[in-house]
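Each remark here refers to the structure printed beneath this line.
Everything quoted here is computed from the prediction, not taken from an experiment.
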Amino acid sequence: MSSELVPNLEWSDLDRRAVDVVRALAMDAVEKAGSGHPGTAMSLAPAAYLLFQRVLRHDPTDPAWTGRDRFVLSAGHSSLTLYIQLYLSGYGLTLDDLKGLRQWGSLTPGHPEHGHTIGVETTTGPLGQGLGNAVGMAMAARRERGLFDPDTAAGDSPFDHRIWAIASDGDIEEGISHEVSSIAGHQKLGNLNVIYDANHISIEDDTNIALSEDVAARYEAYGWHVIKVDWTATGEYVENVEELYAAYRAAIEETERPTLIRLRTIIGWPAPNKQNTGKIHGSALGADEVAATKEVLGLDPSKDFDVPEEVLAHTRQVVERGRALHAEWSKGFESWQAANAERVALFERMSARKLPAGWDEALPTFEAGKSVATRKASGQVLNALAPVLPELWGGSADLAESNNTTMEGEPSFIPEEHQTKAFPGNRYGRTLHFGIREHGMGSILNGIALHDGTRPYGGTFLVFSDYMRPAVRLAALMGLPVTYVWTHDSIGLGEDGPTHQPVEHLWALRAIPGLDVVRPADANETSAAWKTVLEHTDRPAALALTRQNLPVYEGTADFDKVAKGGYVLQDASNGQPEVILIGTGSEVELAVGARKLLEEEGIPARVVSMPCVEWFQAQDDAYKQSVLPPAVRARVAVEAGIALGWRQFVGEEGEVVSLEHFGASAPYKTLYEQFGLTAERVAAAAKGSLAKTGADKGQTTGN
């Protein structure tokens, strides 16, 4: 719904005093904590206050209001920029919370954390990530508009809102900002507004030591609408709030391009000695400088955390403004509800992150004895789910054909003028094209998941998960249901060679708390993996999938067993195994082959398929012991990667058949043979483990 701003800003003495209170609170909070970033919060005080008090559509009494604008503080180090506005606006933060900045158990941690503090839309801190999240939110808002209300005129839908972000010089310098800003311009995200605080200071002082490009021209080249506001233009520092308000209005009026407002500020203004220095960026001012600054502001230097009642009462008027905007929006929302029963049901289901009844009946199963690459099976799962899960959408970092991430017949998410013969689409489409921008893809997926209920996925080769890792870590930290489709999961990709063959990646990813890493053994396990992943709404998951075909086994179509993360795929012929062979992904085939060899020699062997270590570890002890009986100490784990974490499953007497070096360029079967990843070697390792336990007594020689 429309939320046009009044043409002329009313900026009273109480507003000016409130901005000065913001500066004082920023100084006081960092001073009390003994650490923090006061300078940016001080110089951005007018910009943030103006945004929250006059521009941002939000309702402090209902922070989860669907119709709200989203605000992302990409410059997460300046957390006080957000915390102080949440306090002044009435989100529930108190002065005591500001006094507890960066302390144990406080609601004001060093960087904003989603799900920890009301009003914080995303976890920020690693620079550039918030900017990517904002781009993802803007994309999600457009996709959801297409799902719920595609035909209403622009600006008149209850699903029209804006994404606002504050970015710093540090955000702009990080390479991820190029990736996501390029996508935003290409996508014509007119619902995205970024305030770039160009204060020219970082920890190493003047950014001229490392940054000299014309950032505004760079964003114009991306296709952004760029507005320049320079508070130093006159030679003196003048905080022209009216000029900034006009820029905010112009950003809202621009609906075909994202907007960058380059705001030139002086960090730490008006601290008399430390403004415009690296010292005020990331450390407390010190008692003397705080006192001197308060005197410049006309505040009592003897008072800390001083918020006059009349100032707080004035700022809390934003609650009434927000409730009025909310009420106006509700009228349009109720009209939409009355006219769109089917879409209302979808909206309510997605908002609750509930899957439709019987959705899993669409999942394909595969006939035992067939041979299918798990990447291909994943693509067939996506095609099967497309009609029943409209919330599921995604794409690839320019590897769609290899990742099998494109749902057949679904339009691309793209402005019509950018569609291609291979990928026709529209602005409300479903297939995402990230280009060769893995890091940007990761942060955009997080922003999509943070919005209202769609389920995003993104694909690339497993080896390039390295480019995505910071965003993946943040997805795990926030518990976001993002799915990564990482294919070409081992040396099995073959001829592309060691640059493209992941070796250390699986255990490096398993080391991330809260990330489920799933490596299916066959096509049915792949289908089961998708089912289990989509049933989880509180964590990200990675599907590590093969390029090469794998045999489909009997027993893998039991999705409930697969969901336990590890299960008995083939038991010993006598039901009493002497050795357990644990396989994952393509190496389950080696475990199955080794079992056959061992059984032929009279050694009862059990094959355990363990597609997901995290799911298996979440089971109760009784189940885990039923799969891996403690009495069976002879064990082998086999995986085409480093051994690292498998010792916990095989124990001191167990063996791990692994790859402790980089791969090579050759057909994949040659690589497996040359590197000793064979059924024969797994069987030999089993005998070695039996010998360690004392179970292998050898045979008489007859002499």
Side-chain angles (χ1 to χ4, degrees), residues 139-140 142-151 159 337 340-367 372 374-396 400 403-413 423-426 428-432 445 448-449 451-459 480-485 516 518 520 522-543 545 552 556-563:
M139 292 168 70
R142 195 169 86 194
R143 169 66 179 164
E144 292 160 17
R145 172 68 141 82
L147 287 173
F148 304 137
D149 196 22
D151 302 320
F159 299 99
Q337 285 179 308
N340 295 276
E342 188 174 333
R343 288 173 175 161
V344 168
L346 175 62
F347 167 77
E348 292 176 347
R349 182 178 65 73
M350 284 176 49
S351 297
R353 292 201 184 279
K354 290 184 178 179
L355 296 166
W359 73 277
D360 53 340
E361 295 173 6
L363 288 165
T365 56
F366 300 82
E367 182 182 345
V372 185
T374 54
R375 63 168 174 162
K376 183 177 180 181
S378 174
Q380 290 180 241
V381 170
L382 289 173
N383 287 332
L385 292 179
V388 295
L389 294 182
E391 63 265 44
L392 185 63
W393 65 313
S396 172
N403 299 149
N404 293 98
T405 51
T406 302
M407 296 173 175
E408 292 178 2
E410 293 291 338
S412 291
F413 179 90
F423 290 103
N426 58 71
Y428 294 150
R430 188 171 194 176
T431 300
L432 289 167
L445 291 171
I448 291 172
H451 212 263
D452 283 335
T454 63
R455 295 293 298 267
Y457 63 86
L480 301 180
V482 176
T483 304
Y484 309 107
V485 181
D516 293 342
V518 193
D522 72 358
N524 282 324
E525 281 197 5
T526 305
S527 198
W530 269 108
K531 177 180 185 292
T532 308
V533 165
L534 290 172
E535 288 174 338
H536 293 159
T537 61
D538 60 348
R539 72 195 88 161
L543 302 179
L545 307 172
V552 179
T556 56
D558 187 335
F559 290 2
D560 291 337
K561 283 200 309 185
V562 178

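- For the pair E144/F159, no side-chain contact is recorded, criterion being any heavy-atom separation below 4.5 Å from C-beta on.
- A side-chain donor from one of T454 and W393 sits under 3.5 Å from a side-chain acceptor of the other.
- Contact of the L363 side chain with the F559 side chain is registered, since non-hydrogen atoms from C-beta on lie closer than 4.5 Å.
- Proximity of P390 to L346: side-chain heavy atoms (C-beta onward) are separated by under 4.5 Å at one or more points.
- In this structure, the side chains of L147 and R343 stay at 4.5 Å or more apart for every pair of heavy atoms.
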Inset, instruction - Show your reasoning for whether side-chain hydrogen bond (donor to acceptor under 3.5 Å, both in side chains) applies to N403 and S396. - result: CA-CA 7 Å; N403 299 149; S396 172; 2.7 Å; yes
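- By the 4.0 Å N-to-carboxylate-O rule, E348 lies too far from K354 to be salt-bridged with it.
- Of all heavy-atom pairs between W530 and S378, the closest is NE1-OG, 2.9 Å.
- Annotation for R353 and A449: closest pair NH2-O, 2.6 Å, computed over non-hydrogen atoms.
- For K376, the NZ atom counts as loosely surrounded, since its 6.0 Å shell holds 12 or fewer non-hydrogen atoms of other residues, nucleotides or ligands.
- Residues D516 and V533 are not in side-chain contact: their nearest non-hydrogen atoms beyond the backbone lie 4.5 Å or more apart.
- Nearest heavy atoms, S527 versus P364: OG-O, 2.8 Å.
- E391 places no side-chain N or O within 3.5 Å of a backbone atom of G453 that could act as its donor or acceptor partner.
- When atom types are taken as modelled, the side chain of N426 and the backbone of Y428 share a donor-acceptor pair closer than 3.5 angstrom.
- Between atom CD of residue E410 and atom CG of residue L382 there is a gap of 10.5 Å, rounded to the nearest 0.5 Å.
- Between A523 and V552, the shortest heavy-atom contact is CB-CG2, 4.1 Å.
- Taking every heavy atom of both residues into account, A386 and R430 meet most closely at O-NH1, 3.0 Å.
- No side-chain N or O of T365 forms a donor-acceptor pair with one of N524 less than 3.5 Å apart.
- Side-chain contact check for F366 versus T526: every heavy-atom pair is 4.5 Å or farther apart.
- Using a distance-only test at 3.5 Å, with no hydrogens or angles considered, a donor-acceptor pair links the side chain of Y457 to the main chain of T405.
- Panel note: side chain D522, backbone E525; a donor-acceptor pair is recorded below 3.5 Å.
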Legend entry - Worked check of side chain to side chain contact (heavy atoms under 4.5 Å, CB included) between L543 and Y484: CA-CA 6 Å; L543 302 179; Y484 309 107; over 6 Å; no
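- For the atom pair CG of N383 and OG1 of T406, the computed distance is 9.0 Å after rounding to the nearest 0.5 Å.
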